[in-house]
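Quick notes on the structure that follows.
Only this structure's heavy atoms are used, side chains among them; waters, hydrogens and symmetry mates stay out. Proteins get letters first, then strands, A, B, ... in listed order; numbering begins at 1 in each.
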Amino acid sequence: MGKEITSRQEDYSQWYNDLVIKGGLADYSAVRGCMVIKPHGYSLWENMSDQLDRMFKETGHQNAYFPLFVPKSFLEKEEGHAEGFAKECAVVTHYRLKADPTSNGKLIVDPEAKLEEELIIRPTSEAIIWNTYKDWIQSYRDLPILVNQWANVVRWEMRTRLFLRTAEFLWQEGHTAHATKEEAVEETKKMLGVYATFAEEYMALPVVRGLKTESEKFAGAEDTYSIEALMQDGKALQCGTSHFLGQNFAKAFDVKFLNKENQQEYVWATSWGASTRLVGAVVMAHSDDDGLVLPPRIAPLQVVIIPISSKDATAQSKINDKAHQLMRELKAANISVKYDNDDSNRPGWKFAEYEMKGVPVRIALGARDLQNNVAEVVRRDTKEKQSISLDELASHVVKLLGNIQNDMFNKAKSYRDAHTTRVDSWDDFEKTLDEKGGFISAHWDGTAETEDAIKEKTKATIRCIPLDAVKENGKCILTGKPSTQRVLFARAY
RNA sequence: CGGGAGGUAGUUCAGCCCGGUAGAAUACGUGGUUUGGGACCACGGGGUCGCAGGUUCGAAUCCUGUCCUCCCGACCA
């Protein structure tokens, strides 16, 4: 009855769509490639973005806001950057509509209102920001600039998927300016670390920190680092990127500073971003065939209390009293909790509904429980039921939420580790990819040609060169040429 | 952007081939009985059949165009 979810086994893509739609996270919109993020989904994103925002501020960054529109001439300035994004830009060419003289009630673009220079809707903000930084920076005393912005961006994608790839999406983009290369490189790595910590501690999502290959790196960057996670279907998902931009944007926008020796130098730059794709990641990594499974630390609602109502008015008022007391205790412990005493749905319906929405802990309170001085406590991740004494219920739930958070991380990590395979022959490479999926740790000769050839043959790409890779002599999986370390391959979203 | 499927009540879908009063389930409203895994009874409200043209006495149904979605590819966070 009610909302059915397609099982993972039957159709993984449809399962994911069902979760997002039926779990109340988002809806399709009337606009091609764009989604409506619903309150439950936005609340999840807020819990994630709020925490990231705290972590950015703890590492010395401040928020600012730059324009949505980027003059085309700005975007052109950094050549690699321009080439990388040109294919997916939305362009504003006019600034006015007028009534259609040939069709009553319709509007047309006013041909008189053509912009002298087209405006590009930002696919990312390096261009407009570096054009601005030029005015902010004269001396080494003006550096570093450590700025982040929370914004929407538009990339005109051919094929979209809820949260994972939409034409418009929400994200944050950090843009920093530094006096030295060393400092910029350190910043790049520091922010990669922030993303990794966030993913692991809050999203309960184990990630691999690594360096992107030349062909996978950001358009305009010297080096791109990313965190890579593994989804339940064995495909990889990039969950955050941090770029060392060198002096590329400083040179393109002529941003120089006077150093202590009174000499002009170009500024060193970084940028780093994470998007609403993280919502897709957390959904896909943990959920099951009954709905969303959300980590307690970012769940929009952590605990729901469901009364098993009784005809007996005395028993009913005891249930209400106990539920309200419990809510006070949990709120005092900084836990979000809801008492669902809406009489229009029966308990069984509510059980299914809150499982669908991924609420980590459910407490059922009935007359029978109160007689025994207990409540039924059920954890969403394992569905395990426990009868807990009312006297220690609040403290038990606090501990339980912590356990769920840890268990979810450990479960995801066991899966990830079990699906990371060291492979040393081409036959094994193809076989592992097809039969098992996941990450494949293998040697690569370091050339873009080989990388492309592997992608052509298997659809697997190099997700990253892990930062913790040990130096080890070996032979390239495809060409047999010498290699000094393993890289991580996978099919990816 | 190529290939496939689809758009009819809030939702899932039937009806379309073979044109003739727009249906089911579920959801929703009211009243009542209920409440430990998606309750039951009674009554009730709800759809310009994605949109725009065309053919026809008559179009959800046939034709053309267009928009949107899903799946599979190519491209990408």
Hey, do the aromatic rings of [X] and [Y] have their centres closer than 6.0 Å?
X      : Y      : answer
A:Y493 : A:Y16  : no
A:F169 : A:F163 : no
A:H81  : A:F249 : yes

Could you tell me how far apart [X] ([atom1]) and [N] ([atom2]) are, to the nearest whole angstrom?
X      : N      : atom1 : atom2 : value
A:E353 : B:rA27 : CD    : P     : 12 Å
A:I319 : B:rG36 : CD1   : P     : 12 Å
A:Q14  : B:rG6  : CD    : P     : 15 Å
A:D343 : B:rU35 : CG    : C1'   : 8 Å
A:L164 : B:rC76 : CG    : C1'   : 13 Å
A:N17  : B:rA5  : CG    : P     : 20 Å
A:R32  : B:rC70 : CZ    : P     : 10 Å
A:M35  : B:rC70 : CE    : P     : 12 Å

Applying a 3.5 Å limit to both distances, which nucleotide forms a Watson-Crick or G-U wobble pair with [N]?
N      : value
B:rU64 : B:rA52
B:rU26 : B:rG10
B:rC57 : B:rG20
B:rG46 : none
B:rA39 : B:rU33
B:rG2  : B:rC72

If each of A:R362 and A:T241 is mapped to the nucleotide of RNA chain B with the nearest heavy atom, which maps nearer the 5' terminus, i.e. the 5' end? A:R362
Contact nearer the 5' end of RNA chain B, comparing A:R161 with A:K455: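 That would be A:R161.
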Considering only side-chain heavy atoms of [X], which listed nucleotide, [options], is closest?
X      : options                : result
A:A364 : B:rG37, B:rC76, B:rG36 : B:rG36
A:D369 : B:rG36, B:rC72, B:rC75 : B:rG36
A:R368 : B:rG37, B:rU35, B:rG36 : B:rG36
A:P347 : B:rU34, B:rC76, B:rG36 : B:rG36

With rounding to whole Å, what would you report as the distance between [N] and [M] at their [atom1] atoms?
N      : M      : atom1 : result
B:rG58 : B:rU21 : P     : 15 Å
B:rG23 : B:rC49 : P     : 14 Å
B:rC41 : B:rG46 : P     : 23 Å
B:rC16 : B:rG6  : C1'   : 14 Å
B:rU61 : B:rG7  : P     : 12 Å
B:rC67 : B:rU56 : C1'   : 26 Å
B:rC63 : B:rU55 : P     : 15 Å
B:rU30 : B:rG47 : C1'   : 22 Å

When all nucleic acid strands are considered with a 4.0 Å heavy-atom cut-off, which category describes [X]: base, sugar-phosphate, or nothing?
X      : result
A:V31  : sugar-phosphate
A:T276 : nothing
A:Q238 : sugar-phosphate
A:G33  : sugar-phosphate
A:K350 : nothing
A:F218 : nothing
A:Y28  : sugar-phosphate

In a check of side chain to side chain contact (heavy atoms under 4.5 Å, CB included) between A:E187 and each of A:F244, A:W272, A:W268, which one passes?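 Answer after filtering A:F244, A:W272, A:W268: A:W272.
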Given A:Q316 and A:K311, is the side-chain hydrogen bond (donor to acceptor under 3.5 Å, both in side chains) satisfied, shown in steps? CA-CA 7 Å; A:Q316 184 58 42; A:K311 276 184 295 189; over 6 Å; no
Mark yes or no for a side-chain to base donor-acceptor pair under 3.5 Å between [X] and [N], with no hydrogen or angle criteria applied.
X      : N      : value
A:N345 : B:rG38 : no
A:R155 : B:rC76 : no
A:K385 : B:rG37 : yes

In terms of heavy-atom contacts, A:D53 and A:W150 come closest through OD1-NE1, 2.8 Å
Can you give me the closest heavy-atom contact between A:V377 and A:V361, atom names plus distance? CG1-CG1, 4.0 Å
Between B:rC72 and A:S13, is there an OP1 or OP2 to side-chain N/O distance shorter than 4.0 Å?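 The answer is yes; a side-chain N or O of A:S13 sits under 4.0 Å from OP1 or OP2.
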Does a side-chain N or O of A:R346 approach OP1 or OP2 of B:rA39 to a distance below 4.0 Å, or not? yes
Between A:R209 and A:K189 (side chain of the first, backbone of the second, donor and acceptor by atom type, cut-off under 3.5 Å), is there such a pair? no
